Visitor: 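Sharing a structure below in structure tokens format, with a few things to ask.
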Number of protein chains: 2
Amino acid sequence: MDVARAAGVSTAVVSYALNGRRGVAEVTRERVLRVADELGWRPATAARSLRAGPGAAALVAVHDGAAGARAGSTLDLVTAASEILDDGDVTLAVHAASSVEHAAHLMRRWWAERRYAGFVVTGLRTEDARLAALRHLPAPVVLIDEPLVPTPAAWRSVVLDDATAFAQVGEFLADLGHRRVAMLTGAEGLLATRRRATAIRSALAGSGIEFDAVSGDGVDRAAAAVGSLLSSGSRPTAVVTDDDVTAGIVLDVARRLDIAVPWQLSVVAGTDSPACRLTTPSLTAVPYPVHALGNAVGHALLGVLRADDAKGEKAPQTKPVDVGGLLIRGSTAPPTP
Amino acid sequence: MDVARAAGVSTAVVSYALNGRRGVAEVTRERVLRVADELGWRPATAARSLRAGPGAAALVAVHDGAAGARAGSTLDLVTAASEILDDGDVTLAVHAASSVEHAAHLMRRWWAERRYAGFVVTGLRTEDARLAALRHLPAPVVLIDEPLVPTPAAWRSVVLDDATAFAQVGEFLADLGHRRVAMLTGAEGLLATRRRATAIRSALAGSGIEFDAVSGDGVDRAAAAVGSLLSSGSRPTAVVTDDDVTAGIVLDVARRLDIAVPWQLSVVAGTDSPACRLTTPSLTAVPYPVHALGNAVGHALLGVLRADDAKGEKAPQTKPVDVGGLLIRGSTAPPTP
DNA sequence: TTGAAAGCGCTACCAC
DNA sequence: GTGGTAGCGCTTTCAA
């Protein structure tokens, strides 16, 4: 090692000094660190991984168009997660796959290549090839979203408490006096959108309020679904969408059909975004705390990876990430008879 | 190696067989490949990198809110690039940084750690800390966008031919009879948005058409800029935006101010997206060929990495990615006096 | 507290 | 065609 020579010590001492191991004279350590810094030296990842195993985790984003609004925020999530990870020596890399199956394939392969120490999975589907693939691997995994089926004990789930938030949406609309509510869900297979629909349905159950969930996967189909929903004879007086883009579409279609929002139709966007504040009327929305969610992912990841090192401790489950209260803006009001 | 033992050969033969080197009996090769496959064995990335250097490149996405509409499509771009790369053994990893400086820091660090074989840089700024950092490194780099300053000969730029497309927008609006045209640019520092503004300005120059470019970085400031632009006494009869979200804002503000689109105001979205088709009126837009762009990035990356291996050949520059003709929809028309 | 040396898993060179 | 083996750059025993 250049650093070792320049500092006049052996490579072992350099290694100790840099990894903060004790057993090195304080002066020596400082000298080594200084020299390393001057030389701009950093340990080679490959050499380090060869002994210690990989120090990076991967998130394979699936871009098949079904991911809905949250797809766009994957990088925001990763940014937030990286804030946490930067303190340690774990990094989170993102890769893109065009289908769930391909994502599963890549993770299986990269695990075999010992390229990554663990994986983050987001946008869970009901039958998810990624879970099937990872289940048989001894890989540490962080799930964003609670899966329907039980998962290995070593895994961790970071869950967004949007069931609570969506129940609150249901109550809010009920309190306003709405009697016919519809939800425009994202892709059918998406677990998150299902859970949201279920939450609002249960909140409304027993109150005699009519509730329908229609699927509108992708902007075009969403637009078609909105169209038929609002043109129907017994159209709802309130529509809840899964994402912000679809909510924008609802506003547009309503305007075209001469349905006044919020008086004749209330609209709630299931995922808030800056754009929701700028429409006319502005959209009442469920907050989407990407930053908090990302931070939680960072912590969970650190947790599973550490637990994987020291097989003893189990990765404690994380608390659901609080979504916060509904952001009430201009698109909701009591229905006018 | 397990595979070597199971196949009854030495590790050397396994290595040769797997890397397609000649000098292995065909039967042996097949047997080795079969055994490796059965055992699900793949070479450890770390060990391989230790000898051959890293086989992955990284794109550090900057998420400081200034990136504009294209930020959301980073993963689409990477998906398209990966299609190309999957054939070789190069992979492209994405990381997220919260500022250009942080991105520069990460790349410098990862290069020192020999973690990545090269970098892809997107969303160039006028004074870009990333270029400053990478310039002094012998790292292969693919730039998305042509930089203003000269760059190392080994680098490659993948450029989108949107100057042509934006010049075409200028001509289109001139032909329609517009005399006052404004452009809502993205973040000031962004090179791409500048080039677009310049292209449209030159196209309009000499025709006596008034042209103004106002900056609206981030949705809120964009909304404010649109507001003052459309409220002004001598408001333009045509507005071109850098991205699709801003175009949506323009439509909304116009509606609120009772300005009829397209009759009293034409709107052109500088970056097409599915949402552009769904507004009322639908938005005339400049196509944004993410897929082609991503493929080009994949090829360019393969090029620079290969050139880096065999120092002899220079990485040939790639042709600009063709944007295609303006998508004329409902938001543009001749101005009514 | 420090140095010497083994070894992580692979590739590539040199014998055979 | 195939096997032995050095060595990539680190971490980590084990001795000194």
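No experiment lies behind these values; they were computed from the predicted model shown. Just so it is clear: chains get the letters A, B, ... in the order the sequence lines come, proteins before strands, and each one is counted from 1.
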Visitor: Starting at atom CZ of A/R115, determine the distance to atom C1' of C/dC10, rounded to an integer number of angstrom.
Guide: 15 Å

Visitor: Rounded to whole angstroms, how far apart are CD on B/E113 and P on D/dC10?
Guide: 11 Å

Visitor: Closest to the B/V13 side chain: D/dG9, D/dG3, C/dC10?
Guide: D/dG3

Visitor: Do A/Y16 side-chain and D/dC10 base share a donor-acceptor contact under 3.5 Å?
Guide: no

Visitor: Report the distance from atom CG of A/L18 to atom P of D/dC10, rounded to the nearest whole Å.
Guide: 10 Å

Visitor: Quick check for you: among C/dG7, D/dG4, C/dT11, whose closest atom lies nearest to any side-chain atom of B/S15?
Guide: C/dT11

Visitor: Is there a side-chain contact between B/R156 and B/L143, using heavy atoms and a 4.5 Å cut-off?
Guide: no

Visitor: Starting at atom CG of A/N19, determine the distance to atom P of C/dT2, rounded to an integer number of angstrom.
Guide: 16 Å

Visitor: Counting only side-chain nitrogens and oxygens, does A/R114 get under 4.0 Å of the OP1 or OP2 atom of C/dC10?
Guide: yes

Visitor: Do A/E30 and A/R34 meet the salt-bridge criterion of a basic N to acidic O distance under 4.0 Å?
Guide: no

Visitor: Report yes if at least one side-chain N or O of A/R51 is closer than 4.0 Å to OP1 or OP2 of D/dG9; otherwise report no.
Guide: no

Visitor: In whole angstrom, what separates A/D89's CG from D/dC10's P?
Guide: 15 Å

Visitor: Mind checking A/R48 for me? I need base, sugar-phosphate or nothing, with any heavy atom below 4.0 Å counting as a touch.
Guide: sugar-phosphate

Visitor: I want to verify a distance call: between D/dG9, C/dT2, C/dA4, whose nearest atom is closest to the A/A12 side chain?
Guide: C/dA4

Visitor: Go nucleotide by nucleotide along DNA chain D from the 5' end; which of B/A47 and B/V9 gets its closest nucleotide reached first?
Guide: B/V9

Visitor: Reading DNA chain C from 5' onward, which residue's closest nucleotide shows up sooner: B/P43 or A/V27?
Guide: A/V27

Visitor: Indicate yes or no: at least one non-hydrogen side-chain atom of A/W155 is less than 4.5 angstrom from one of A/V142.
Guide: no

Visitor: Among C/dC10, C/dT1, C/dC8, which nucleotide has an atom closest to any side-chain atom of A/T28?
Guide: C/dT1

Visitor: What is the separation between atom CZ on A/R31 and atom C1' on C/dT2, rounded to the nearest whole Å?
Guide: 11 Å

Visitor: State which of D/dT2, C/dC8, D/dC8 makes the closest approach to the side chain of A/L50.
Guide: C/dC8

Visitor: For the CG atom of B/L85 and the CG atom of B/L92, what is their distance to the nearest 0.5 Å?
Guide: 6.0 Å

Visitor: Rounded off to whole Å, could you give me the CD-to-C1' distance for the A/E26 and C/dT2 pair?
Guide: 15 Å

Visitor: Do side-chain atoms of B/R114 reach the backbone of A/R42 as a donor and acceptor pair under 3.5 angstrom?
Guide: yes

